[in-house]
Q: 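Sending over a structure as structure tokens; questions will come in a sec.
Everything quoted here is computed from the prediction, not taken from an experiment. Below, read A as the first sequence line, B as the second, and so on, with proteins coming before strands; counting in each chain starts at 1.
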Protein chains: 2
Amino acid sequence: MLAGKARMLDVARLAGVGTMTVSRVLNNSAPVSPQTRERVQQAIKKLNYRPNPFARSLRQARSNSIGIIVPNFYDPFFATCAHAISLVAKQRDYTVTVATSDEDAQFEFTEATLMVLNRVAGLAVIPAAMGKNQLHRPEFRTTRIVMLDRPIEGQRFSSVLVENRSGSHAAVKHLLDHGHKVIQFLGLSEKLYTLNERYRGYASAMCEAGLTPSEHFTCRTMEETCILIRKAISGRQPPTAFFLGNNLVTRNALHAFSQLKIKISDDVAIIGFDDFDMADIFVPAITVVRHPAQELGRVAAELLFEQLARKKVARSKEQVVLPVELVIRQSCGCNVETRMP
Amino acid sequence: MLAGKARMLDVARLAGVGTMTVSRVLNNSAPVSPQTRERVQQAIKKLNYRPNPFARSLRQARSNSIGIIVPNFYDPFFATCAHAISLVAKQRDYTVTVATSDEDAQFEFTEATLMVLNRVAGLAVIPAAMGKNQLHRPEFRTTRIVMLDRPIEGQRFSSVLVENRSGSHAAVKHLLDHGHKVIQFLGLSEKLYTLNERYRGYASAMCEAGLTPSEHFTCRTMEETCILIRKAISGRQPPTAFFLGNNLVTRNALHAFSQLKIKISDDVAIIGFDDFDMADIFVPAITVVRHPAQELGRVAAELLFEQLARKKVARSKEQVVLPVELVIRQSCGCNVETRMP
DNA sequence: CTGAAAGCGCTAACAC
DNA sequence: GTGTTAGCGCTTTCAG
């Protein structure tokens, strides 16, 4: 028998009960006697019955589906988060609809609106960096939303973040322990919450060591980064180490160093925030602060489902902050022996 | 006025028409006089009316949503394809639900079934490599499905592929032009369609040059790859160049070369299939055959929507094959000058 | 514990 | 061109 053809009425007839009893067995929404339940389940199996999700959603005015909005899918970090969220959703028999904001709060708003019109049960969002966030608008008042990676200021939304500051602090401390005195922070944009936090972690470590922080926040392209680094290197107090704010900055910086014939860990030491696929293969292997991307998605999804289980939209916002890990390889100056098979 | 509160009846009353007229204006499903249409549109706007997607789907027995199934999201190639598909879907006012198969045909089947039960209008799939494909089963007879990147043998499904053979042929030809005589092919698995095709392209180029192909198809881990390469290098006819079947193999091989202290382009030349994020930053920069991942997703999505527009499920299968591009950098032995900003 | 009736919001089919 | 009727398949409500 083909799935999706039988209706609830067919099941009810075969089991010799009313449709409501079938519905109750399916949803555990009211007690059903064990014998009746058994008969109904037999009938369901026999007919290969599956409830029609639209009829159900139409009646209940909400679907068994959650929405995910991330800036893009190119950044493996975002892709990994999205994947982790969808794993949890699958586990709970929810489907997932996805959309990307391209870091634009306006697009994010459009996508979120569309999802709400499609009656998603809730939303998991990595908020767009550009523009004014719109998710606090009244039309989302009744929508459960959880933020990942970046919080939204002064709002009701729960969020799951990572230890940006302490992670950066530890990384910079490691560079200081290697004897570096002039360490520069390279960021992507002042608009990004994570970059700002990481800068603070960096700055506090520098200050504690009695050193002056120095930063460039605009490593958006390889060209820009190259120019910035060249200028820094040829200055009066050339940095002997760099702390790179995220994987995009790391990418740009690596390119710049190669262009400028600067040898990493001979000429300068570096540590990046956010691990990436080739970090351990690079020569020298790049020391990084590792983001628990998978965990971030998982926890956010669980938080969302927790909220869905509650009757009312929560007024209080929860914040979960996940630990990060300093993965020491070679670019920091450590001489870690690499394994030979 | 909050969206999603007004019903079609409210609009009809305000406009002084029947609900069917509203429906017709909304769907362009039948002619409506300009004046009436105008009145209806005014009412829609005034009430901020949005049709209820569930009621619509319930009635039409299908949703305005397509499903995407890819092996995983970690591989940027898959993520990019998925993104490109969802862009097209958005353009056509379709929502997208996603799922991953983990390269397992059984999981793929489960996810596809779930999506069909959720009445997706169609499916875009990068078929799982492991296990016997299940998408030809009768329960999918009425489902529009388009395959990307990998076809399914002898089935009714349209697919969008890339020029695996000729791309590989060109890459190997390039290595031959550099004077290499012993070139080895490194693959990931014989189970992967793409790897097999690329091997054929490699082999034909070798044969045409009067040389013997030589391959290893099991570069699944860095350790395995390392052992294979070491053995090859220390053999009687050590390869002076390698052609790497996909980005995972390239990754493993790069790791192995670094472990074995083999200098790329000094000791051996390499070309990889599939561009990757750090390829141009590596020292030396890696020459690759570039996959048009974005294009692949776009074309597949358009093919799918074309099929959706047709009344009946197409019996004939179409195949689109997209060109690839040899991106010459340095690992092949070319001395391409890198730009300085 | 169980069932019958009503109706969620929309559109196909048929009037006019 | 337009309106009326019926019903998609389910669950809420209320009555037993």
Side-chain angles (χ1 to χ4, degrees), chain A residues 1-41 43-44 47-65 93 116-119 121 311, chain B residues 1-44 47-65 93 116-119 121 142 311:
Chain A
M1 181 71 181
L2 246 57
K5 284 296 183 184
R7 295 152 311 156
M8 194 179 266
L9 188 62
D10 302 322
V11 175
R13 281 213 259 261
L14 184 60
V17 297
T19 57
M20 265 322 289
T21 303
V22 179
S23 175
R24 287 195 263 260
V25 168
L26 244 35
N27 301 297
N28 276 316
S29 49
V32 174
S33 82
Q35 305 93 308
T36 316
R37 157 166 275 127
E38 181 56 29
R39 279 218 314 288
V40 169
Q41 270 158 350
I44 289 175
L47 295 174
N48 192 14
Y49 168 73
R50 296 277 171 272
N52 181 313
F54 300 132
R56 176 178 271 178
S57 294
L58 175 58
R59 203 60 250 249
Q60 299 186 144
R62 73 182 264 273
S63 71
N64 270 246
S65 144
D93 268 317
V116 169
L117 288 177
N118 279 302
R119 308 293 196 284
K311 291 278 168 293
Chain B
M1 179 73 180
L2 246 57
K5 285 296 183 183
R7 294 153 312 155
M8 193 178 267
L9 188 63
D10 302 322
V11 175
R13 280 212 260 262
L14 183 61
V17 298
T19 56
M20 265 322 287
T21 304
V22 179
S23 174
R24 287 195 263 259
V25 169
L26 244 36
N27 301 296
N28 275 317
S29 48
V32 174
S33 82
Q35 306 92 308
T36 317
R37 156 166 274 126
E38 181 56 30
R39 280 219 314 288
V40 169
Q41 269 157 353
Q42 292 290 337
I44 288 174
L47 295 173
N48 192 14
Y49 167 75
R50 297 277 170 274
N52 181 314
F54 301 133
R56 176 177 271 181
S57 296
L58 176 59
R59 197 63 249 241
Q60 302 185 353
R62 71 179 265 269
S63 71
N64 270 247
S65 143
D93 267 317
V116 170
L117 288 177
N118 279 302
R119 307 295 195 285
T142 57
K311 290 278 168 294

Q: First and last nucleotide of DNA chain C in contact with chain B, 5' to 3', at under 4.0 Å to a heavy atom: what are they?
A: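 With heavy atoms of chain B under 4.0 Å away, the range is C/dG9 to C/dA13.
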
Q: Please tell me if B/Thr21 has a side-chain N or O lying less than 4.0 Å from either OP1 or OP2 of D/dG3.
A: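 Looking at the OP1 and OP2 atoms of D/dG3, one of them is under 4.0 Å from a side-chain N or O of B/Thr21.
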
Q: In degrees rounded to 10°, what angle is found between the helical axes fit to the five outermost pairs at each end of the helix from C/dC1-D/dG16 to C/dC16-D/dG1?
A: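 End-to-end axis angle for the helix from C/dC1-D/dG16 to C/dC16-D/dG1: 30°, rounded to 10°.
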
Q: Any donor and acceptor pair, going by atom type alone, linking the side chain of B/Ser63 with main-chain N or O of B/Arg119 inside 3.5 Å?
A: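 Such a contact is found between B/Ser63 side chain and B/Arg119 backbone.
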
Q: About how many Å separate CD of A/Gln35 and CZ of A/Arg39, when rounded to the nearest 0.5 Å?
A: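 Output value for this atom pair is 8.5 Å.
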
Q: Sequence neighbours excluded, which residues qualify as side chain to side chain donor-acceptor pair (under 3.5 Å) partners of A/Gln41?
A: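 A/Gln41 satisfies side chain to side chain donor-acceptor pair (under 3.5 Å) with no other residue.
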
Q: What is the minimum heavy-atom distance between B/Tyr49 and B/Leu26, and which atoms define it?
A: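 Heavy atoms of B/Tyr49 and B/Leu26 come nearest at CE2-CD2, 3.6 Å.
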
Q: List the protein contact pattern of nucleotides 10-16 of chain D with one symbol per nucleotide (5' to 3'): B for base contact, S for sugar-phosphate-only contact, - for none; contact means a heavy-atom distance under 4.0 Å.
A: BBBB---

Q: If you define the side chain from C-beta out and look only at heavy atoms, does anything of A/Arg24 sit under 4.5 Å from A/Thr36?
A: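 In short, these two side chains do not touch, never coming nearer than 4.5 Å.
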
Q: Would you kindly say whether B/Asn118 and A/Arg50 are connected by a side-chain donor-acceptor distance under 3.5 Å?
A: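 Note: B/Asn118 and A/Arg50 side chains miss the donor-acceptor criterion.
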
Q: Which residues satisfy the side chain to side chain donor-acceptor pair (under 3.5 Å) test with B/Asp93, sequence neighbours excluded?
A: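 None.
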
Q: Classify the nucleic acid contact of A/Thr36 as base, sugar-phosphate or nothing, counting any heavy atom under 4.0 Å across all strands shown.
A: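 Sugar-phosphate contact only - A/Thr36 comes under 4.0 Å of backbone atoms but never of a base.
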
Q: Which atom pairs, one a donor and one an acceptor, fall under 3.5 Å between side chains of residues 7-20 of chain B and the rest of the protein, sequence neighbours left out?
A:
residue, atom, partner, partner atom, Å
B/Arg7, NE, B/Asp10, OD2, 3.4
B/Arg7, NH2, B/Asp10, OD1, 3.1
B/Asp10, OD2, B/Arg7, N, 2.8

